[in-house]
Colleague: 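The structure under discussion is supplied below as structure tokens; questions concerning it will follow.
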Amino acid sequence: MASAERETKVFINDALGDDELRAILEKLEDDKDKEVFGLVCKRWLHLQSFHRRKLCARAGPHMLRRVAARFSRLHELDLSQSLSRSFYPGVTDSDLAVVAAGFTCLRRLSLYNCKGITDTGLVAIGSSLHALQALDVSYCRKLTDKGFSALAEGCQDLRSLHLTGCRFVTDALMSALSKNCRSMEELVFQGCTNITDSGLTVLISGCRQLKYLDVNKCTNVADVGISSVSKACSASLKTLKLLDCYKVGDEGISSLATFCKSLETLIIGGCRNVSDKSIKSVALSCSHSLKNLRMDWCLSITDSSLSCILSVCKKLEAFDIGCCEKVTDAAFGQLGSGNDYAANLKVLKMSNCPKITCAGVAMLLDSCKFLEYLDVRSCPHITKAGLDEAGINIPKICKVNFNGSLTEPEVLL
């Protein structure tokens, strides 16, 4: 009788089917919890492997084949190598052949600093990974237009492409991207010095949905190219980086003010021909969107520009005016006068500004209540002792970099 009343044991693997277990797995938000799920038993491990979408792995054809067999539905694969510690021999074309054959569902692939790959590897990627949407091959210095053109032809759904340091890239790639990758949203060509205005003009004839364009240190880019981008991508462009593009001047910057009224990040450090006139026009046009502005080494900039930016750009969070030697305390004159100017500013870099004094810092701190980082390196009139003597109290949330001992925020890089 007692045995009849004993409850029948029900095992979870008998009670739940694969669909129910997958539903449970999808509810787990923490990656560690998902890993523990796979440790329960072989069945749960199989389901966890099938469900996994992201993976960071080491190179080697044998290892990658095993990974591909287990994680057949992978969407993101990271094979990148650290700039400071690269293992030998690193990622090779043979690895990319395995990736192309084994990860056909891949959408994002990072090959950052994989210096051993060549155009042969890119051709393999382009021939098989037709669902690929994002690729980072920064510092893969052997790659040329030949490999990238094959990639563009095969991966026509590409939305993001990072080519920092790929020095052999030329305007020929711009033509291939324009023809094949019309959904492109993010392009990084930092240090690709063979790209010119002609290439940018060809690029935007097909890629008119760009949200993010980085041509930092592309020294052959000038006003014509930037004006072309401004007109073609006026509705979409949010971020434009032109660091050390010294040929860009007022014409290019004014075109941004005319067409791109939703810019959120503008990097023009080292554009020495830019003057107050074009900077003011951008500030006024993008007053409701601009969050990050870097204009260090814009040597013609004066108090007039800064005062305009600080007073109209209500959403400004990060601002760099380093080495703008004409700027004085007068630029901050309207701060702290009962208005909300620069109220959201969190990062201000003004190193090597010899005419700014502790009085200017006092006005900043009085108005910018959310300031978290202030760079005053090589400002001869601003020292810790000087601020203390003037009775200027630095809020606890604000770190002041007097001598380079603090880590700089990356927001304006």
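Quick note: numbers below take in every heavy atom, side chains included, and nothing from hydrogens, waters or symmetry partners.
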Colleague: If only atom types and distance count, is the side chain of N216 paired as donor or acceptor with the main-chain N or O of L242 below 3.5 Å?
Modeller: yes
Colleague: When you measure from the side chain of S178 to the backbone N and O of S175, does any donor-acceptor pair fall under 3.5 Å?
Modeller: no
Colleague: Kindly indicate whether the side chain of C313, heavy atoms from C-beta on, has any atom under 4.5 Å from the side chain of F319.
Modeller: no
Colleague: Can you find a heavy atom in the side chain of S230 that is under 4.5 Å from one in the side chain of L237?
Modeller: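 Result no, sub-4.5 Å side-chain heavy-atom pair not found.
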Colleague: With a 4.5 Å cut-off on side-chain heavy atoms, are I253 and V248 touching?
Modeller: yes
Colleague: Taking atom CZ of R159 as the centre, does the number of heavy atoms from other residues, nucleotides or ligands within less than 6.0 Å exceed 12?
Modeller: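 Yes, the 6.0 Å shell around CZ holds more than 12 heavy atoms from other groups.
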Colleague: Do the non-hydrogen side-chain atoms of D214 and L187 ever get within less than 4.5 Å of each other?
Modeller: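 No, too far: nothing below the 4.5 Å cut-off.
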Colleague: Using a 3.5 Å distance criterion without hydrogens, assess whether the side chain of D223 forms a donor-acceptor pair with backbone atoms of G249.
Modeller: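 Yes.
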Colleague: Check whether any side-chain N or O of S80 sits under 3.5 Å from a backbone N or O of S110 as a donor-acceptor pair, and report yes or no.
Modeller: no
Colleague: Got a sec, which residues hit side-chain hydrogen bond (donor to acceptor under 3.5 Å, both in side chains) with S311, two or more places apart in sequence or on another chain?
Modeller: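 None.
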Colleague: Please check this pair: side chain of S205 against backbone of V202, looking for a donor-acceptor N/O pair closer than 3.5 Å.
Modeller: yes
Colleague: Shortest non-hydrogen contact from A257 to S285?
Modeller: O-OG, 2.9 Å
Colleague: If you look only at pairs with a residue in residues 115-145, which of them pass as a ring pair (Phe, Tyr, Trp, His ring centres under 6.0 Å), with sequence neighbours excluded?
Modeller: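 Found Y112-Y139.
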Colleague: Which residues pass the side-chain hydrogen bond (donor to acceptor under 3.5 Å, both in side chains) test with N393, not counting sequence neighbours?
Modeller: none
Colleague: Without swapping roles, check the side chain of D145 against the backbone of T170 for a donor-acceptor pair under 3.5 Å.
Modeller: yes
Colleague: Quick one, V229 and V215 - any side-chain contact, counting heavy atoms below 4.5 Å?
Modeller: no
Colleague: Do the non-hydrogen side-chain atoms of M350 and V327 ever get within less than 4.5 Å of each other?
Modeller: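 Not touching, per the 4.5 Å side-chain cut-off.
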Colleague: The criterion is side-chain hydrogen bond (donor to acceptor under 3.5 Å, both in side chains); which residues satisfy it with N344, sequence neighbours excluded?
Modeller: none
Colleague: Please tell me whether H162 and Q190 have a donor and an acceptor in their side chains that are separated by less than 3.5 angstrom.
Modeller: no
Colleague: Is there side-chain contact between P61 and V98, with at least one heavy-atom pair below 4.5 Å?
Modeller: yes
Colleague: Without swapping roles, check the side chain of S255 against the backbone of G252 for a donor-acceptor pair under 3.5 Å.
Modeller: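 Side chain of S255 to backbone of G252: a pair is present.
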Colleague: Test: side-chain hydrogen bond (donor to acceptor under 3.5 Å, both in side chains). Region: residues 350-362. Which pairs qualify, not counting sequence neighbours?
Modeller: D329-T357
Colleague: Would you indicate whether the side-chain heavy atoms of C368 and L348 approach each other to under 4.5 Å?
Modeller: no
Colleague: Backbone N or O of D276 within a donor-acceptor pair of the T302 side chain at under 3.5 Å?
Modeller: no
Colleague: How about Y373 and K349: does a side-chain donor come under 3.5 Å of a side-chain acceptor?
Modeller: no
Colleague: Is there a donor-acceptor contact under 3.5 Å from the side chain of S254 to the main chain of E251?
Modeller: no
Colleague: Would you tabulate the side-chain donor-acceptor contacts of residues 262-274 under 3.5 Å, counting partners in other chains and residues two or more places apart, or write 'none'?
Modeller:
from	atom 1	to	atom 2	distance (Å)
T265	OG1	N292	ND2	2.9
N273	ND2	Y246	O	3.3

Colleague: So how far is it from L177 CG to S149 OG, rounded to the nearest 0.5 Å?
Modeller: 8.0 Å
